Amino acid sequence: MTISQLSRKNIQALTPYQSARRLGGSGDVWLNANEYAVSPNFDLTDRTFNRYPEPQPLAVIEGYARYAGVTPENVLVSRGGDESIELLIRAFCEPSDQILYCPPTYGMYAVSADTCGINTKTVPLTTDFQLNLPEIKRNLDGVKIVFVCSPNNPTGNLIKRADLLELLQITAGKAIVVVDEAYIEFCPKATLANELPNYPHLAIIRTLSKAFALAGLRCGFTLANAELIGVLQKVIAPYPLPVPVSDIAAQALSPQGIEQMRERVAEVITLRTDLQKNLENLPLVEKVFDSEANYLLFKCQDGQKVFKALWDQGIILRDQHKALGLQNCIRITIGTVEENLKVVKALSATY
C-alpha cells in the first residue's frame with residue numbers, strides 16, 4: 001500500500017485550493033491575489049523569542065476590538081481568515097452534517113469542508129450575484145454552517161443586508177451563519193458587526209491581509225458572541241500567532257496604523273474607479289462588474305485567450321472562466337497606477 005493510499009479517503013479525492021502562489025506564473029505585474037501593491041514597513045518591538053507567545057495576544061485582541069467596535073470577548077485571532085473557516089467547521093460540524101455556500105464565491109469553504117470530511121451543499125447566487133433565499137430555505141436540512149462572502153470574492157459585490165438578516169432569522173437555533181468580511185474595509189458601513197448582539201449564531205471573518213496590506217503576516221479574526229468564541233477556543237491551536245506576527249499586528253491596529261490603512265483604502269478606491277473606466281473603454285471587454293473591494297471582475301469576448309496573452313507577457317491576473325456563471329471572466333487586483341496602465345495597454349494591443 002502506498003503512502004497516498006494510507007491517507008484518508010476524502011484526502012485522496014481532495015483537489016487542493018488553487019491559491020495564487022500555487023498556480024505560479026512568471027512576471028513583473030502580479031494582480032491575481034487581491035494584495036496591496038506595496039509592503040508597509042514595521043520594526044519589531046518584541047524580541048522575546050525563547051518563550052511561547054500568548055494564546056490570544058491581549059494587545060492584538062484589544063486593538064482589533066476597538067477598531068471593529070466590539071468587546072474583546074467578541075474577538076478570536078487566528079492564522080489568517082482561512083483558519084477561521086476551518087475552526088468553525090471543526091468546532092460545529094459532525095461527520096453527518098453539511099455546510100452550505102453560494103457559488104461563485106471563495107473556494108476555501110468547500111476545500112476546508114472536504115479536508116474535514118464534511119459534505120457540502122451549494123445554492124448558486126442569482127444572476128445578479130445575490131442570495132437565492134427561497135432555495136437556501138429548501139436546502140437547510142442537515143446544514144450546520146452557511147458561508148456567505150460579502151463583498152463577495154470574486155464578483156466584488158455586496159450581498160444585500162436585508163437578505164443577510166433574513167438568512168440569520170431563518171437559521172436561528174439551527175445553524176451558524178458565517179459572513180466573510182475580508183474586504184469590508186472598502187465598504188465599512190456594510191459590516192454586520194453591529195448585529196452580533198442580536199444573533200448569537202452569527203460569526204464574522206476578518207483579516208489583515210487586504211486593506212491592512214499584511215497578507216504575508218497571516219493574521220485573521222473571528223468576531224462573534226462570547227459563547228461562540230468560547231467554542232472556537234476549544235479547538236484552536238495553543239499558540240496560533242508567533243511573536244513577530246502579534247507584534248506587527250498590534251502596531252497595525254494602533255491609531256496611526258488604522259489611519260494609514262484608511263489612506264490606502266481611499267487610494268485603492270480612486271484607482272479602482274479609474275481602472276474600471278479604462279477597461280470599459282476597451283472593445284474586447286464586454287462588461288466590468290461593479291466592485292466594493294480591491295479588485296474588479298471583467299468579462300471578455302474570449303477570456304481564456306486574453307488571460308493567456310497577458311500571462312505570456314508577465315501580467316498575472318486570475319482566470320475565473322471555470323467558476324460557476326463566470327465564463328470568460330477575469331479578476332484583476334487593483335495595482336499601482338503604473339501596473340494598471342500596463343494592463344490596459346496590454347489589453348488594448350491584444351486585439
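This is a predicted model, so every value here is computed, not measured. We're numbering straight along the sequence, starting at 1.
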Original post:
Any ring-ring contact (aromatic ring centres under 6.0 Å, His included) pairs touching residues 202-226, not counting sequence neighbours?
Top reply: Y64-F221, Y67-F212
Subject >> Check: V143 and K121 side chains under 4.5 Å, non-hydrogen atoms >> reply: yes
Original post:
Can D28 and K342 be counted as an ion pair, charged N to O under 4.0 angstrom?
Top reply: yes
**OP:** In sequence, state the C-alpha distance, the side-chain angles, and the governing distance for F147 and L100, and then conclude on side chain to side chain contact (heavy atoms under 4.5 Å, CB included).
**Re:** CA-CA 6 Å; F147 285 97; L100 185 149; over 6 Å; no
**OP:** Quick one: sort the F289 and F129 rings into parallel, tilted or perpendicular, breaks at 30° and 60°.
**Re:** tilted
**OP:** Measure from the side-chain N and O atoms of D312 to the backbone N and O of A309, and report whether any donor-acceptor pair falls under 3.5 Å.
**Re:** no
Subject >> Same cluster (ILVMFWY, side-chain, under 4.5 Å), L158 and Y101 >> reply: no
**OP:** Determine whether L253 and L44 fall in the same hydrophobic cluster, where Ile, Leu, Val, Met, Phe, Trp and Tyr are linked whenever their side-chain heavy atoms lie under 4.5 Å apart.
**Re:** yes
Original post:
Do the side chain of S78 and the main chain of G80 share a donor and acceptor less than 3.5 angstrom apart?
Top reply: yes
Original post:
Is there a path of hydrophobic side-chain contacts, each under 4.5 Å between heavy atoms of I, L, V, M, F, W or Y residues, that connects L324 with L133?
Top reply: no
**OP:** Mark yes when over 12 heavy atoms from residues, nucleotides or ligands other than D43 sit less than 6.0 Å from its CG; otherwise mark no.
**Re:** no
Original post:
Hey, is the main chain of T105 close enough, under 3.5 Å, to the side chain of N152 for a donor-acceptor pair?
Top reply: no
Original post:
So do the side chains of I316 and V29 get within less than 4.5 Å of each other, counting heavy atoms only?
Top reply: no
**OP:** Mind listing the closest non-hydrogen atom pair of A113 and I89 along with its distance?
**Re:** N-CD1, 3.6 Å
**OP:** Would you check, one step at a time, whether the test side chain to side chain donor-acceptor pair (under 3.5 Å) holds for T115 with E86?
**Re:** CA-CA 9 Å; T115 300; E86 184 174 327; over 6 Å; no
Original post:
Has the side chain of D46 got a donor or acceptor atom that lies under 3.5 Å from a matching backbone atom of T48?
Top reply: yes
**OP:** List the steps, then state whether salt bridge (charged side-chain N to carboxylate O under 4.0 Å, His left out) holds for R138 with E135.
**Re:** CA-CA 5 Å; R138 284 192 285 269; E135 196 64 23; 2.6 Å; yes
Subject >> R161/E195 ion pair, N-O < 4.0 Å >> reply: yes
Subject >> From I330 atom CD1 to N32 atom CG, the distance as rounded to the nearest 0.5 Å >> reply: 12.0 Å
**OP:** Give a yes or no answer on whether the side chain of N157 reaches the backbone of S291 with a donor-acceptor pair at less than 3.5 Å.
**Re:** no
Original post:
Can any side-chain N or O of N139 pair as donor or acceptor with the backbone N or O of I136 at less than 3.5 Å?
Top reply: no
**OP:** Kindly check if the number of other-residue, nucleotide or ligand heavy atoms within 6.0 Å of NZ (K144) is above 12?
**Re:** yes
Original post:
Are the side chain of E339 and the backbone of G335 linked by a donor-acceptor contact shorter than 3.5 Å?
Top reply: no
Subject >> Side chain H321, main chain N328, donor-acceptor under 3.5 Å >> reply: yes
**OP:** Mind checking the CD1-CD1 spacing from I99 to I85? Nearest 0.5 Å is all I need.
**Re:** 9.0 Å
**OP:** Take Y36 and E267, measure what side chain to side chain donor-acceptor pair (under 3.5 Å) needs, and give me the verdict at the end.
**Re:** CA-CA 11 Å; Y36 186 66; E267 173 200 14; 2.5 Å; yes
**OP:** Check the pair V265 / V268 against side chain to side chain contact (heavy atoms under 4.5 Å, CB included), numbers first and verdict last.
**Re:** CA-CA 5 Å; V265 167; V268 168; 5.8 Å; no
**OP:** Might you confirm whether atom CD of E263 has over 12 heavy atoms from other residues, nucleotides or ligands at distances under 6.0 Å?
**Re:** yes
Original post:
Do other residues, nucleotides or ligands put more than 12 heavy atoms under 6.0 Å from the CZ atom of F49?
Top reply: yes
Original post:
Does any N or O in the side chain of N340 come within less than 3.5 Å of the main-chain N or O of L275, such that one atom is a donor and the other an acceptor?
Top reply: no
Subject >> For V179, the option from I184, L202, L223 that meets side chain to side chain contact (heavy atoms under 4.5 Å, CB included) >> reply: L202
**OP:** Could you give me the CA-CA distance, side-chain angles and deciding distance for E166 and K160, then say whether salt bridge (charged side-chain N to carboxylate O under 4.0 Å, His left out) is met?
**Re:** CA-CA 10 Å; E166 184 174 348; K160 294 176 183 176; over 6 Å; no
Original post:
Should D82 and R218 be marked as a salt bridge (charged side-chain N to carboxylate O under 4.0 Å, His left out) after you check the CA-CA gap, both sets of side-chain angles, and the distance that decides it?
Top reply: CA-CA 9 Å; D82 289 333; R218 308 311 301 129; 3.6 Å; yes
Subject >> Mutual orientation of the aromatic rings belonging to Y199 and H201 [parallel < 30°, tilted 30-60°, perpendicular > 60°] >> reply: perpendicular
Original post:
Hey, are the side chains of L125 and P103 touching, using non-hydrogen atoms and a 4.5 Å cut-off?
Top reply: no
**OP:** Anything under 30° is parallel, anything over 60° is perpendicular, the rest tilted; go ahead and classify Y106 against Y109.
**Re:** perpendicular
Subject >> CG/N50: more than 12 non-hydrogen atoms of other groups inside 6.0 Å >> reply: yes
Subject >> Pair R331 + D319, salt bridge at N-O below 4.0 Å >> reply: no
**OP:** Would you indicate whether the side-chain heavy atoms of L282 and N278 approach each other to under 4.5 Å?
**Re:** no
Original post:
Under a single-linkage definition using a 4.5 Å side-chain heavy-atom cutoff for Ile, Leu, Val, Met, Phe, Trp and Tyr, are Y239 and L241 assigned to the same hydrophobic cluster?
Top reply: no
